[in-house]
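Before any comments, here is the structure.
For the single chain, residues carry numbers from 1 onward in sequence order.
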Amino acid sequence: MEVPERTISYIMQLRNKFGNKYHLHLYTSGFFFIGNMELIDKLFDAGLDELRFHPKNISAKPIWEIASLAKEKFPHKQIGFEVPAIPGQEDKLKEL
């Protein structure tokens, strides 16, 4: 995601080569969407099927908010979190 145009181009190339039967998902920390929500639009417009947030900090509220807004805007897309279950972090995981 450090070069969004390249990521978008790769998504389009994969979609063109493999069609709609091929499920494309992207893992991201969500960092690049802070202040740049239109990037999510571009990813889905390019052919992305699923956006999976893997925040570096499970308590990163801005990332939660971005994921929530994305799910509201794209209810037909798969948007979720994937985080490790780290001992001692159970309360934060439940909150998420």
Side-chain angles (χ1 to χ4, degrees):
M1 290 307 305
E2 289 187 23
V3 184
E5 298 80 18
R6 188 180 310 155
T7 302
I8 291 166
S9 175
Y10 291 156
I11 291 169
M12 293 171 67
Q13 290 176 50
L14 288 166
R15 181 60 64 216
N16 287 335
K17 181 170 179 77
F18 296 107
N20 289 329
K21 292 182 180 181
Y22 191 78
H23 184 83
L24 293 171
H25 66 268
L26 175 72
Y27 285 86
T28 177
S29 69
F31 175 80
F32 292 100
F33 302 129
I34 297 173
N36 191 14
M37 286 290 293
E38 64 273 2
L39 180 54
I40 294 174
D41 296 26
K42 291 177 183 178
L43 292 168
F44 284 132
D45 288 345
L48 188 68
D49 295 307
E50 179 178 352
L51 187 58
R52 190 83 56 90
F53 290 91
H54 187 104
K56 293 178 182 176
N57 178 352
I58 197 170
S59 298
K61 295 281 186 184
I63 305 305
W64 297 15
E65 293 165 1
I66 288 168
S68 179
L69 290 171
K71 188 61 181 173
E72 286 176 24
K73 187 169 185 177
F74 298 98
H76 59 287
K77 296 290 186 178
Q78 295 178 345
I79 300 170
F81 279 84
E82 186 160 317
V83 294
I86 299 172
Q89 299 292 313
E90 292 88 351
D91 290 340
K92 290 181 181 180
L93 187 58
K94 287 177 186 176
E95 185 180 350
L96 174 62

* **Single-linkage hydrophobic cluster, 4.5 Å side-chain cutoff, Leu69 and Phe44 together** => yes
* So do Leu43 and Met1 actually touch side chain to side chain, heavy atoms under 4.5 Å? -> yes
* To do: Decide yes or no for Leu48 and Lys77: does some side-chain heavy atom of the first lie under 4.5 Å from some side-chain heavy atom of the second?
  => no
* Smallest separation among heavy atoms of Ile63 and Pro55, with atom names -> CG2-CB, 4.2 Å
* Structure fact -> Taken to the nearest 0.5 Å, the spacing of Asn36 CG from Lys42 NZ works out to 7.0 Å
* Rounded distance [0.5 Å steps], CD1 in Ile79 versus CZ in Phe74 -> 7.0 Å
* Asked: Is the count of non-hydrogen atoms from other residues, nucleotides or ligands lying under 6.0 Å from Glu38 atom CD greater than 12?
  -> yes
* Ser9 versus Glu5, side-chain donor and acceptor atoms under 3.5 Å -> no
* **Contact check, side chains of His54 and Arg52, non-hydrogen atoms, under 4.5 Å** => no
* What heavy-atom pair brings Ile40 and Ala70 nearest, and what distance separates the two atoms? -> CD1-CB, 4.0 Å
* Does a side-chain heavy-atom distance below 4.5 Å link Phe53 with Trp64? -> no
* Contact check, side chains of Leu51 and Phe33, non-hydrogen atoms, under 4.5 Å -> yes
* For His25, does its backbone N or O pair with a side-chain atom of Asp49 as donor and acceptor, under 3.5 Å? -> no
* Asked: If you draw a 6.0 Å radius around CZ in Phe32, do more than 12 non-hydrogen atoms from other residues or ligands fall strictly inside?
  -> yes
* Kindly compute the distance separating CD (Glu50) from CD (Gln78), expressed to the nearest 0.5 Å. => 4.5 Å
* Structure fact -> Tightest non-hydrogen contact, residues Arg15 and Gly47, listed as NH2-O, 2.6 Å
* Is atom CE of Met37 surrounded by more than 12 heavy atoms (other residues, nucleotides or ligands) closer than 6.0 Å? -> yes
* Would you call Ile8 and Leu39 a side-chain contact if the rule is heavy atoms closer than 4.5 Å? -> yes
* Asked: If we only count heavy atoms from C-beta on, is the Lys17 to Tyr22 side-chain gap below 4.5 Å?
  -> no
